[in-house]
Amino acid sequence: MFVKLLRGVRIVFLTGLLLGVFVVYAQDKPAVSFQSTQFNVVEETAKIQTILEGFDGDALFVGIQEGPLIDLLRAEKEAGTGATDVAGALHGTFPVLAKDDALFNLSDLTASIDAEHDIVDSYVELGKLGTSDYQYYVPWMQATYVMAANEEALQYLPEGSDLNSLTWDQLAAWGKNMKDATGENKLGFPVAGLFHRFLEGYIYPSYTGGMVTKFRSAEAVKMFEYLRDDLWPLVNAESANYSFMNEPLLSGEVWVAFDHMARLKPAFDAMDSGDTDLKFVAFPAPSGPAGLGYMPVIAGLAIPYTAPNPDGAEALIKFMMSPETQSAVMRDLGFFPVISDVDTSNMPASVSALSGAVAATSGAKNALVSLLPIGLGERGGELNEIYRNAFTRVVINGEDIATVLQEEGDTLNTLLAETGAPCWSPDPASDGPCTVDAAS
């Protein structure tokens with residue numbers, strides 16, 4: 001009870017603080033308040049604020065984490081008044097807000113933008129969250145995760161391998177070749193960063209064909225055996241401390257890395273600008289027995305019912321969806337457009353390199369789309385911890401694989417049952433909460 005009281009006090013304080021900020025700001029000129037779970041890292045926030053200077057009006061951008069955003073919008077809805085005009089978040093955040101009936105229907109706004117700029121049809125459908133005529137969010141931008149390599153590493157690729165269609169076994173062989181030649185582990189992963197997405201959206205689906213239902217399958221056991229015995233002995237030990245892989249790539253500490261494309265982009269930017277003599281290439285993550293698992297990251301823009309300036313919110317969304325703004329976000333922040341009329345002819349070479357890796361990933365014949373977790377709301381972090389815990393217990397601590405997957409699978413089932421989250425791609429649709437299959 002005390003914890004819930006403290007949480008309530010925090011939400012009320014945050015809401016009051018934001019209201020105060022916007023009221024003070026509005027004394028000069030009314031602002032459109034823009035809360036976003038994206039670009040909440042200091043360097044990214046500065047870049048999006050610069051882009052927002054082109055908006056015909058005043059926009060106040062506030063970076064926020066997913067849980068606090070959900071808490072805030074719920075508190076504003078309960079209060080019947082709010083300080084948030086536009087909410088930007090990943091696709092998986094919106095089902096929770098839709099369930100709370102907290103968002104306007106943006107069908108007309110989306111149709112207007114679509115008629116002018118041609119939004120990707122599949123992303124428009126995602127924004128409807130399974131309904132036929134209720135647009136909970138306007139698709140905003142897209143990204144994914146890829147791999148990058150220092151050109152020095154290419155000479156050590158296994159014989160007969162293709163950089164754009166590697167297998168996991170070939171990645172391990174590549175790591176061994178580099179270690180044999182240099183005496184160092186040159187593979188790197190952002191274990192202190194978005195490593196859970198690597199587990200959930202890449203290696204798990206590529207081995208098992210699923211993310212959740214096959215969590216403790218025989219294929220999952222083989223995947224963990226590969227990680228423990230074949231790959232991780234070749235991974236740089238400093239990976240435990242890496243949050244962003246651009247820095248170890250630029251230092252030369254790591255030659256081959258996996259990360260979100262926006263977090264790899266600074267290394268390619270440094271190459272383009274001449275700030276480093278190193279040369280990098282981008283390419284898809286490896287494939288496994290079930291295919292090339294990959295996680296497209298779709299972000300959207302919504303307007304809460306309690307928005308104090310809904311007209312300004314619509315104007316801001318139209319600005320964010322303009323070809324000029326979509327191009328600027330692509331150039332400066334590494335998130336790709338969701339509309340068709342963006343001029344990409346003058347993009348930096350860094351963007352072109354990453355774009356090529358994305359195209360090679362999504363266009364692969366064995367591509368297996370793995371959506372971000374859906375329906376978990378503010379408890380999404382618990383799912384991430386389950387995957388991280390399984391990895392740590394098996395690969396780092398050397399615990400028995402079957403035992404770990406049984407125990408962590410039980411925890412995952414409890415989370416899914418308590419949240420009621422249905423299965424999401426690549427797992428088959430479920431009538432009720434998604435369920436981890438029994439060990440096979």
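- The shortest distance between side-chain heavy atoms of P139 and L126 does not fall below 4.5 Å.
- The main-chain N or O of M211 is found under 3.5 Å from a side-chain atom of D427 such that the two form a donor-acceptor pair.
- Counting heavy atoms of neighbouring residues, nucleotides and ligands inside a 6.0 Å radius, atom CD of Q65 does not exceed 12 of them.
- Of the possible donor and acceptor atoms, one in the side chain of W174 sits under 3.5 Å from a partner among the backbone N and O of A153.
- Within the 4.5 Å cutoff, no side-chain heavy atoms of K214 are placed close to those of P205.
- Using a 4.5 Å heavy-atom cutoff, the side chains of K279 and M271 are in contact.
- Using a distance-only test at 3.5 Å, with no hydrogens or angles considered, no donor-acceptor pair links the side chain of T208 to the main chain of A220.
- Under a 3.5 Å cut-off, the side chain of D259 and the backbone N or O of M245 do form a donor-acceptor pair.
- A distance below 6.0 Å separates the ring centres of Y204 and Y387.
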**Request:** Please step through side chain to side chain contact (heavy atoms under 4.5 Å, CB included) for the pair L376 and E382, ending with a clear verdict.
**Result:** CA-CA 9 Å; L376 298 171; E382 295 179 39; over 6 Å; no
**Request:** Could you check R74 against D100 for salt bridge (charged side-chain N to carboxylate O under 4.0 Å, His left out), going step by step and ending with a plain yes or no?
**Result:** CA-CA 8 Å; R74 282 174 169 169; D100 290 342; 2.5 Å; yes
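- More than 12 heavy atoms of other shown residues, nucleotides or ligands fall within 6.0 angstrom of atom CD in Q155.
- The residues R197 and E200 are annotated as salt-bridged, a charged nitrogen and a carboxylate oxygen being separated by less than 4.0 angstrom.
- Side-chain contact check for H91 and Y137: at least one donor-acceptor pair (N or O, by modelled atom type) lies under 3.5 Å.
- Counted by atom type alone, T144 and Y202 present one or more donor-acceptor pairs between their side chains at under 3.5 Å.
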**Request:** Verify side chain to side chain contact (heavy atoms under 4.5 Å, CB included) between T213 and C434, making sure each step is shown before the conclusion.
**Result:** CA-CA 7 Å; T213 59; C434 200; 4.0 Å; yes
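- More than 12 heavy atoms of other shown residues, nucleotides or ligands fall within 6.0 angstrom of atom CG in N397.
- In this structure, the side chains of L264 and V146 come closer than 4.5 Å at one or more pairs of heavy atoms.
- Formation of a donor-acceptor pair under 3.5 Å by the S430 side chain with backbone atoms of C423 is found in this model.
- Taking 4.5 Å as the limit, some side-chain heavy atom of L371 sits within range of a side-chain heavy atom of I374.
- Ring to ring, F224 and W232 are not that close: their centroids are 6.0 angstrom or more apart.
- A heavy-atom distance below 4.5 Å is found between the side chains of I303 and L106.
- Residues Y145 and Y294 place their aromatic rings such that the two centres sit no closer than 6.0 Å.
- S425 places a side-chain N or O within 3.5 Å of a backbone atom of V369 that can act as its donor or acceptor partner.
- Side-chain contact, Q170 with S161: no donor N or O sits under 3.5 Å from an acceptor N or O.
- The six-membered or imidazole ring of F198 lies near that of F189, with a centre-to-centre distance under 6.0 Å.
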**Prompt:** Hey, mind stepping through L109 and I113 against side chain to side chain contact (heavy atoms under 4.5 Å, CB included) and telling me if it holds?
**Reply:** CA-CA 6 Å; L109 177 61; I113 296 170; 4.0 Å; yes
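- A donor-acceptor pair under 3.5 Å links the side-chain atoms of T392 to the main chain of R388, judged by distance alone.
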**Request:** Test salt bridge (charged side-chain N to carboxylate O under 4.0 Å, His left out) on E152 and K186 and set out the steps.
**Result:** CA-CA 11 Å; E152 281 290 315; K186 289 295 190 179; over 6 Å; no
**Prompt:** Where do L97 and L103 land on the side chain to side chain contact (heavy atoms under 4.5 Å, CB included) test, with the steps shown first?
**Reply:** CA-CA 7 Å; L97 298 172; L103 305 174; 3.9 Å; yes
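- The residues E408 and R393 are annotated as salt-bridged, a charged nitrogen and a carboxylate oxygen being separated by less than 4.0 angstrom.
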**Message:** salt bridge (charged side-chain N to carboxylate O under 4.0 Å, His left out), that's the test. Do E125 and K128 meet it? Break it down for me.
**Reply:** CA-CA 5 Å; E125 287 303 310; K128 294 178 180 178; 3.3 Å; yes
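- In this model, a donor atom of one side chain and an acceptor atom of the other lie less than 3.5 Å apart for S217 and E219.
- Using cut-offs of 30° and 60° on the angle between ring planes, the pair W140 and F39 is perpendicular.
- At a threshold of 4.0 Å, the pair D410-R216 counts as salt-bridged, since one of the basic side-chain nitrogens sits closer than that to a carboxylate oxygen.
- In this structure, the ring of F61 has its center less than 6.0 angstrom from the ring center of F34.
- With hydrogens and angles disregarded, a donor-acceptor distance shorter than 3.5 Å links the side chain of N40 to the backbone of T37.
- N105 and S107 share a side-chain donor-acceptor pair at under 3.5 Å.
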**Message:** For K265 and D269: C-alpha separation, side-chain torsions, deciding distance, then whether salt bridge (charged side-chain N to carboxylate O under 4.0 Å, His left out) applies.
**Reply:** CA-CA 6 Å; K265 186 174 179 292; D269 288 340; 3.0 Å; yes
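- N177 places a side-chain N or O within donor-acceptor distance of the main-chain N or O of Y156, the cut-off being under 3.5 Å.
- Side-chain contact check for V394 versus L227: every heavy-atom pair is 4.5 Å or farther apart.
- Within the 4.5 Å cutoff, no side-chain heavy atoms of P433 are placed close to those of T419.
- Listed here is the closest heavy atom pair of G293 and S206: N-CB, 3.8 Å.
- Counting only distance, with no hydrogens or angles, the side chain of D85 and the backbone of A313 share no donor-acceptor pair below 3.5 Å.
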